[in-house]
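Okay, structure first, notes after.
Note that the coordinates shown come from a computational prediction; the quantities given were computed from them, not determined experimentally.
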Amino acid sequence: MISINSSTKHTMKKKVVKKTTTKATGKGAKAKKDAKRGSAPPLQPKNFNTPESIATIVGLSDEDFKNQIDDIVRQMLGGSASLFGGQGIGAPRTASTTMDRQGHAADLATIVKEKGTIKVLKKCGVLQKIEMNLLPNGIGAVFGNEKGTNHGGGMRKITSRSSLASMGSMDTSDNIDTASTIVSDSKRGKTVPPEAREGCLLFIRALAEIVGKTSEPFVVPLLAAALEECSSSSSSVRDAAEDTVTKIISIVNGHAVSSLVFPVLFEALQSPDWRVKACAMQKMVEVAEIHPRHVSRLLPKLVPVVTSQVWDTKPQVTKAAKAALLACCMTNINPDVAPAIPAVVDAICKPNDTSKAIDELKATTFVATVDASTLSILCPVLSRGLKDKMALNKRSCCVVIENMSRLVETPDAVAPFGPLLVPELNKVAENVQFEEIRDCALAALNALTKALGHADIDSAMSSIMKEESERIAAEQKRIEDEKAAEQAREEEMAKKEEEERKLWKEAMEAQRQLNALALKEEEEKKAEEKRKKEIAKKGTKTGGKCQGCGLKKCKKTCLFYSG
């Protein structure tokens with residue numbers, strides 16, 4: 001018999017459980033794959049990858065060179081090579097693949113680098129073919145939707161300032177269709193094959209990648225077209241579009257950020273497709289990394305636009321908006337606010353975290369000058385904190401506003417945010433029951449009114465109320481103008497309908513009269529036929545002979561003689 005005591009040792013084998021990973025399937029996996037695409041490998045030329053091959057095509061005559069370029073463009077767009085090329089007519093041909101189009105795009109970009117952008121893109125008509133395939137309806141149709149509420153939005157204004165008009169290969173005044181409802185692919189009316197659009201995008205990417213800064217005047221104006229192709233139903237076109245936009249952003253000059261890049265990115269946020277929005281905000285992150293100082297100056301315009309996308313129904317857009325907002329806000333040059341920016345961004349995206357952001361700002365010591373970019377980050381959270389139910393949060397906001405108001409750069413910097421803060425501070429100073437908090441609010445209000453350039457609180461309130469009333473009046477006028485325009489359109493439509501109804505009634509009346517005349521003629525014809533039949537019945541002759549005398553022609557002595 002076995003006995004067990006305290007010295008007995010018992011060993012157990014540990015069971016090892018192997019972790020198995022399941023492959024995600026379905027729409028969620030596809031969205032995850034789209035969201036985590038890595039950087040694409042560099043494009044490599046297919047046929048012109050040696051100095052000898054490049055020298056061969058560069059040394060051709062102008063006509064032969066143009067024919068060779070046309071042949072490369074045809075293959076890049078998914079077509080076959082020329083029938084009378086090197087392979088000959090009888091040589092077998094295979095379908096074009098993405099790898100083939102990449103190689104031909106890199107070949108063409110290599111030739112552009114050696115021969116010159118003007119020679120290839122303009123004189124050989126390559127740029128015109130690219131525009132015809134990517135923008136068949138003009139740039140005014142980009143980022144539009146089916147319902148007609150956004151016919152390209154501000155793209156016409158952006159185009160008139162730069163882009164296609166300056167390129168000279170497309171007359172934008174005739175090609176912009178502001179009433180177009182075409183967006184992308186067959187479901188929205190695009191008839192250009194996806195292979196051709198992919199080839200165009202690959203060529204734009206190859207120009208930015210191989211030619212470099214020299215190609216900037218030609219590729220940056222096509223940023224909107226590349227962004228819009230992110231909504232394509234073809235995955236290869238979407239991947240090519242995203243890589244193209246990334247390469248365009250990488251070569252953009254800093255001075256073009258505010259005038260060319262961000263207006264297009266802002267307009268892309270009006271697109272009905274969520275992929276375009278997500279891609280635009282991802283590119284904002286890249287621009288912020290490359291040109292932080294230029295992005296920092298745009299924060300007063302950028303923060304409200306990106307914040308409006310935080311509550312989008314698509315989680316991919318929401319995530320991209322938060323990342324873009326954080327990256328752009330981190331470009332702010334104020335060293336005092338930098339540690340609190342993540343908490344402030346979290347509070348903008350999640351209102352429940354407002355108290356945490358206020359605590360971070362309360363612990364901040366303001367030493368550097370506060371400019372408009374810094375105010376654009378802080379003021380939305382401070383305004384929300386002044387409306388908070390907790391009196392301590394209101395006091396903390398008042399302390400932060402007082403500290404930063406003393407270091408405001410110019411009155412113009414804080415002027416856009418005065419209507420956001422002054423009325424709320426005034427409410428706190430008048431309505432809060434705690435005297436200490438009311439004193440903090442008054443101190444903050446005095447500091448803010450001095451920063452705004454006013455002598456006292458009353459003048460600041462009157463000025464703000466005047467500006468607010470002017471803004472409300474302007475908004476009311478805009479609404480009334482829209483209503484008047486809508487009423488005018490309705491009246492015009494009603495007038496047209498009345499005229500059409502009148503014409504229809506006249507046509508129907510004329511038709512009724514014609515029908516009545518036709519019926520009358522028919523009745524008269526029937527009456528005449530009936531009369532003839534009655535006369536025939538009452539006639540004295542049967543079979544051509546008189547019933548009285550029996551002759552075909554009666555004599556004068558016959559009773560039925562009629563002369």
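- Every residue two or more places apart in sequence or in another chain was checked for a side chain to side chain donor-acceptor pair (under 3.5 Å) with Asn133, and none qualifies.
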side-chain hydrogen bond (donor to acceptor under 3.5 Å, both in side chains) assessment of Ser232 paired with Ser234: CA-CA 5 Å; Ser232 175; Ser234 172; 4.9 Å; no
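- No side-chain heavy atom of Ser258 sits under 4.5 Å from any side-chain heavy atom of Arg297.
- A distance of 10.0 Å separates CD of Glu229 from OG1 of Thr244, quoted to the nearest 0.5 Å.
- Side-chain atoms of Ser383 never come within 3.5 Å of backbone atoms of Cys379 as a donor-acceptor pair (strictly under, hydrogens ignored).
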Lys314 vs Lys277, side-chain contact (heavy atoms from CB on, under 4.5 Å): CA-CA, chis, key distance, verdict: CA-CA 10 Å; Lys314 278 286 184 180; Lys277 296 180 183 179; over 6 Å; no
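- A donor-acceptor contact shorter than 3.5 Å links the side chain of Glu209 to the backbone of Leu43.
- The pair Arg406-Glu402 counts as a salt bridge, with a side-chain nitrogen and a carboxylate oxygen less than 4.0 angstrom apart.
- In this structure the side chain of Leu134 reaches within 4.5 angstrom of the side chain of Leu201, judged on heavy atoms.
- Of the possible donor and acceptor atoms, none in the side chain of Arg238 sits under 3.5 Å from a partner among the backbone N and O of Arg275.
- In this structure, Glu242 and Cys230 approach most closely via the heavy-atom pair N-SG, 4.2 Å.
- Panel note: side chain Thr369, backbone Leu407; no donor-acceptor pair is recorded below 3.5 Å.
- Formation of a donor-acceptor pair under 3.5 Å by the Lys322 side chain with backbone atoms of Asp346 is not found in this model.
- Residues satisfying the side chain to side chain donor-acceptor pair (under 3.5 Å) criterion with Ser296, sequence neighbours excluded, are absent altogether.
- One finds the NZ atom of Lys362 at 11.0 Å from the SG atom of Cys398 (value rounded to the nearest 0.5 Å).
- The shortest heavy-atom contact between Thr331 and Pro292 is CB-O, 3.3 Å.
- Using a 4.0 Å cut-off between charged side-chain N and carboxylate O, Lys477 and Asp481 make a salt bridge.
- The pair Arg478-Glu482 counts as a salt bridge, with a side-chain nitrogen and a carboxylate oxygen less than 4.0 angstrom apart.
- Using a 4.5 Å heavy-atom threshold, the side chains of Phe417 and Ile401 count as separate.
- Val211 places none of its side-chain heavy atoms less than 4.5 Å from the side chain of Phe218.
- Distance check, rounded to the nearest 0.5 Å: SG of Cys200 to CG of Leu222 gives 9.5 Å.
- Contact annotation: the side chain of Val306 never approaches that of Cys328 to less than 4.5 Å [non-hydrogen atoms, C-beta and beyond].
- At distances below 3.5 Å, at least one donor-acceptor pair connects side-chain atoms of Thr449 with backbone N or O atoms of Asn446.
- Here Thr246 pairs with Lys283 under the side chain to side chain donor-acceptor pair (under 3.5 Å) rule; sequence neighbours left out.
- Closest approach of Pro380 to Ile377, counting heavy atoms only: CD-O, 3.7 Å.
- Side chain of Asp336 to main chain of Val367: a donor-acceptor pair is present (N/O by atom type, distance under 3.5 Å, no hydrogens or angles).
- One N or O on the side chain of Arg438 and one on the backbone of Val432 form a donor-acceptor pair closer than 3.5 Å.
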Worked check of side-chain contact (heavy atoms from CB on, under 4.5 Å) between Ser355 and Asp388: CA-CA 9 Å; Ser355 58; Asp388 198 287; 5.7 Å; no
Pair Asp371-Asn332, side-chain contact (heavy atoms from CB on, under 4.5 Å): steps then yes or no: CA-CA 10 Å; Asp371 57 358; Asn332 183 257; 4.0 Å; yes
Derivation of the side-chain contact (heavy atoms from CB on, under 4.5 Å) call for Leu298 and Ser373: CA-CA 7 Å; Leu298 290 173; Ser373 298; over 6 Å; no
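- The shortest distance between side-chain heavy atoms of Arg197 and Pro194 falls below 4.5 Å.
- More than 12 heavy-atom neighbours from other residues, nucleotides or ligands sit within 6.0 angstrom of NZ on Lys213.
- Taking 4.0 Å as the cut-off between side-chain N and carboxylate O, Glu486 and Arg489 count as a salt-bridged pair.
- Atom-to-atom distance recorded for Leu382:CG and Leu375:CG is 9.0 Å, nearest 0.5 angstrom.
- Heavy atoms only, all atoms of each residue included: Leu325 and Cys349 are closest at CD2-SG, 4.3 Å.
- Side-chain contact annotation: Glu198 with Thr98, donor-acceptor N/O pair under 3.5 Å present.
- Side chains of Val305 and Met284 form no contact here, defined as non-hydrogen atoms less than 4.5 Å apart.
- Judged purely by atom type and a 3.5 angstrom limit, Ser396 has no side-chain atom pairing as donor or acceptor with the backbone of Ile358.
- Using a 4.5 Å heavy-atom cutoff, the side chains of Leu227 and Leu265 are in contact.
- Between the side chain of Arg205 and the main chain of Ala240, no donor-acceptor pair closer than 3.5 Å is present.
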